[in-house]
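The block underneath contains the structure these notes are about, expressed in structure tokens.
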Amino acid sequence: MDEELHEMIRAVVRKIPRGRVATYGDVADIARAPSPRLVGAVLNQDGHDLPWHRVLRANGTCAPHIADQQLQLLREEGVVADGGKVDLRTYRWEDAVKEKAEEPPALW
DNA sequence: CACTTGACCGTAG
DNA sequence: TCTACGGCCAAGT
């Protein structure tokens, strides 16, 4: 696994503001990762220090095995989940979407 | 080297 | 809205 990319992904996740969320796909794009799967893989290994709970699937749901804790942590930040799903239109990290649309060569 | 696995995603039906 | 499928890519067996 590419160490630099690995580091990049963690940096992006750390950057997600409180009370907001991002999808694995968003993080992948911003971190220039080849696939969203990689983001999940990285969080699975080194995600324990990060606000990993702010990362969810493209449809607003969380991975089954961690759903309970994730939803609770989010609730503590004011992110409400209806029927196990979060409304991305409301809580999605908009700045990330904007950056992604513009193609900033910025290297974070 | 071939095959399976997984914190995924977009498109059809 | 929800499920099924195919595609995806690195890591592990």
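Below, chain A is the first sequence line, B the second, and so on; all start at residue 1. Nothing here was measured: the structure is a model prediction, and the numbers come from that model.
Atom CD1 in Ile9(A) sits about 14 Å away from atom P in dC9(C), given to the nearest Å. Distance Gln45(A) CD to dC9(C) C1': 14 Å, rounded to the nearest Å. Look at CG on Asn44(A): it is 13 Å from C1' on dA10(C), rounded to the nearest Å.
Boundaries of the chain A contact region on DNA chain B are dG6(B) to dG10(B), first to last in 5' to 3' order (nucleotide atom under 4.0 Å from a heavy atom).
Listed by chain and residue number, Thr61(A) satisfy the side-chain hydrogen bond (donor to acceptor under 3.5 Å, both in side chains) test with Asn59(A) (two or more places apart in sequence, or in another chain). Annotation: side-chain hydrogen bond (donor to acceptor under 3.5 Å, both in side chains) contacts of Arg10(A) (sequence neighbours excluded): Glu7(A).
When all heavy atoms of Ala31(A) and Leu5(A) are compared, the pair lying nearest together is O-CD1, 3.5 Å. Residues Gly60(A) and Leu88(A) approach most closely at N-CD1, 3.8 Å, considering heavy atoms.
Sparse packing is recorded around CZ of Arg75(A), with 12 or fewer heavy atoms of other residues, nucleotides or ligands lying under 6.0 Å away. More than 12 heavy-atom neighbours from other residues, nucleotides or ligands sit within 6.0 angstrom of CG on Asp49(A).
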- Query: Could you write nucleotides 2-7 of chain C as a row of B, S and -, 5' to 3', where a protein heavy atom under 4.0 Å of any base atom gives B, of only sugar-phosphate atoms gives S, and otherwise -?
  - Reply: S----B
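For residues 50-68 of chain A, the set of pairs meeting the salt bridge (Lys or Arg N to Asp or Glu O under 4.0 Å) definition, not counting sequence neighbours, comprises Arg54(A)-Glu77(A).
Between Tyr24(A) and Arg37(A), the closest side-chain pair of non-hydrogen atoms is not below 4.5 Å. No side-chain heavy atom of Gln72(A) sits less than 4.5 Å from a side-chain heavy atom of His53(A).
No option in Leu74(A), Leu71(A), Val21(A), Val55(A) other than Leu71(A) meets the side-chain contact (heavy atoms from CB on, under 4.5 Å) test with Cys62(A).
Only Ala63(A), His65(A), Ile66(A), listed by number, bring a heavy atom of residues 61-72 of chain A to less than 4.0 angstrom from any atom of DNA chain B.
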